[in-house]
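Reading through the structure tokens given below for one structure.
So that the names make sense, note that chain A is the first sequence line, chain B the second, and so on, each numbered from 1.
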Amino acid sequence: MRMIIRRLSLYALTAWVAITVNFLLPRLMPGNPVQTMIGKLTGQVTAAEMNAIQLSFGGSFKQGLFAQYFTYLTQLFHGNFGSSITLGAPVGAILRESVPWTVGLIGVSTIVSFAVGTFAGALLGWTRGSRLDSLIPTATFFQAIPYFFLGTVMLLVFASNLHWFPVLGAYSQNATPGWNWNFVGNVIRYGELPVISIVLSSIAGWMLGMRNMMITMVGEDFVLMAVAKGLPRRKVIMHAARNAILPSIANLSLAIGLVVSGALLVELVFNYPGVGDLLLQAVLNEDYPLIQGIFLVITLTVLCANLIADVVYLALDPRTRTEAAV
Amino acid sequence: MSADTFDIQAVSPMREGPAERKGNAVANVERSEFVLEVNNFSVDYGVGENMVRAVNDVTLHLRRSKVLGVAGESGSGKSTLVYAMTRLLRAPGVISGGSVTLNFTSRDDEKEFTTLNLVTASEKELRKIRWSHVSIVLQSALSALNPVLRVGREFDEVLKTHRPDMSKAQRRARAVELLTMVGLNDDRLARYPHELSGGQRQRIMIALALALDPDLVIMDEPTTALDVVTQREIISELHDLRSRFGFALIFITHDLSLLVELADEIVVMYAGEIVERAGASELYEAPRHPYTLGLLNSFPPLHGPRRELSGIPGSPPDLSDLPAGCNFYPRCPFAMSRCENEAPALTAIENSDRSVACWLHSSDSSVPVPVELSRTVNPARNPVTTLKERP
């Protein structure tokens, strides 16, 4: 219990540091977002207009840094991320719109890739040297191809030419978004190809990691003991797999942390309306509030993922529960 | 299955055991007096050119409820022998010849005695006899227990697998009973292996090995990783347990002085072959093979006068490049010219029930047997107090 509290406070501290850095970074950069935007506007801008623009993006810049920081924290606490410069809407609302798409797509892909890859890896490790081993070079091949290329080719072949999958976007243009089976089914249909492409390009890592750990575990005494105990083969494999999976769990937490940020290429190729796409637009348009908002979301997801992984790891490996002497 | 299968408290007097308890007159006639018969057993590592013979033509017979000690240096093939015997040897180990016969009482029918050749048995047959008839204790209990499972789970698992009709409460009760037997509190069941001491872990392994009341328990250096005090306690407990439950025991170690306390008979292995076989105290007090003598001089005795430890000169043989004659020839202090080219076979010594593989004891040997190798057992002069003789 004490350890959980300690970990939680460590995470709270990390979150605070991340938020602060997120606040400071744009202010350390040369230039001024309002000036940049005004520079882009053609024609004259009156003083009143300038003031109005400044007010709409978080008040006056004449405030001291500390006062700004305080305002920032208060606003953040109320869920106010400011307004996007290019889209004109509140950043919070924009993120609420796009984050679920990315989390859904990449999250599902990551979990499918992890589950299938780990299962295959466990089998490969157990049956080392069998014909199944040919799966490894195949999987590594797909991982070695740059994702951008793999995604484009798959889109071209399976969607454009063979028409097995719908082409672009997250759902059909005729569908009305809403929580009904029709729309959810449509979203799943549109998600299939992106998910398959991501799984293909990432599965080798899970498979190899699990296979190698499995081979190490198979040589351990407790696996020999499991055989000596006359356990059915399935249970013997479980003895080994239960231990072999531990490093994979640690990797999964890192992968989940990258769910929000790692989506850029996928969303670009499949024209998926997620965070990656949004970030690209924000960067191209120098939309500071939006960039800041996205960075914050990414940071917080990574933290949450690590927290979850920590808890899962504690549950899975009793050895990590022993507190180090302080 | 009858209810009394687990009623181990009800087991019978010292040094008898499952045999007497389960059997009846008719069945006892049919049943072999040996629990394990190993004949001309050989094990290789690898095949083809790089093949190395780790166990060569070993023949062993183990009577019910007896303790067989297997001694030898690292690499003498003693562990390979028992792992191969129980078909637990991993690749590249291959059984290249011989037979291993296990005689056991079938659980399905208490009167039925079954014989199984472990070398040819199928996986399914092996699973059936594993742990319920032959269990094993490894050297490192830390690595033999699954690090992420509570100790209780290990007990639960074997009982669940081999005794499917036991309820959860019965399994738990049996686990507590087993722990009590080895002198541990039942709160250990909720612990993970890393939370226990080395001695506790090894006791748990022993309790686990006895969970199904097996006919044969194999222990591969179970006390080597422990300190001498714990070693001592465990050996003594083992002796008590064995007299209570009457399982046969194969005990592997390189420490002959430890073995002599526990074993009825000892075989000494060198380079994958048995070089000497004798009753425990005969072998301890009156070794016949120069290698046995060397082993004895490498360990301080647990009892009796101090003596100088000399060890064995040279290093264990390279199995891929064995000498033409006797394997021990290059290290033997009594080597003769004959030993260089002719390999001695394990032969019985006249007027005794022991055998040795050494030309010195050959009937046509012209050289007198050195005094170190011709001692006689004189219990009156220098008695070895062993656990077996304690009340």
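The OG1 atom of A/T138 sits 10.5 Å away from atom CG of A/L200, with the distance rounded to the nearest 0.5 Å. Atoms CG and CZ, from B/L138 and A/F222 in turn, are 12.0 Å apart once rounded to the nearest 0.5 Å. Separating the CD1 atom in B/I204 from the CD atom in B/Q200 is a distance of 6.5 Å, to the nearest 0.5 Å. For the atom pair CD of B/E221 and OG of B/S74, the computed distance is 7.0 Å after rounding to the nearest 0.5 Å.
Looking at B/E123 and A/R233, no side-chain N of the basic residue comes within less than 4.0 Å of a carboxylate O on the acidic one, giving no salt bridge. A salt bridge links B/R174 to B/E177: one of the charged nitrogens lies within less than 4.0 Å of a carboxylate oxygen. At a threshold of 4.0 Å, the pair B/R203-B/E237 counts as salt-bridged, since one of the basic side-chain nitrogens sits closer than that to a carboxylate oxygen. Checked for salt-bridge contact, A/K229 and B/E154 meet the test: a charged N lies under 4.0 Å from a carboxylate O.
Aromatic ring pairs are classed by plane angle as parallel below 30°, tilted from 30° to 60° and perpendicular above 60°; the pair B/F104 and B/H133 is tilted.
B/T223 places no side-chain N or O within 3.5 Å of a backbone atom of B/Q231 that could act as its donor or acceptor partner.
Listed in order of number, the residues of residues 306-317 of chain A that approach chain B to under 4.5 Å between heavy atoms are A/L316, A/D317. Taking 4.5 Å as the heavy-atom cut-off, the residues of residues 239-253 of chain A that approach chain B are A/H239, A/R242, A/N243, A/L246, ordered by number.
Heavy atoms closer than 4.5 Å to chain A are found in the side chain of B/L208, but not in its backbone. Both the backbone and the side chain of B/S143 come within less than 4.5 Å of a heavy atom of chain A. Using a 4.5 Å cut-off between heavy atoms, B/R87 does not touch chain A at all. For chain A, the nearby parts of B/I136 are the backbone and the side chain; heavy atoms of each come within less than 4.5 Å.
Side-chain polar atoms of A/T102 and A/E267 form a donor-acceptor pair below 3.5 angstrom.
When each of B/R130, B/K160, B/K124 is scored by its heavy-atom pairs under 4.5 Å with chain A, the top score falls to B/R130.
At least one side-chain heavy atom of A/L150 sits less than 4.5 Å from a side-chain heavy atom of A/M154.
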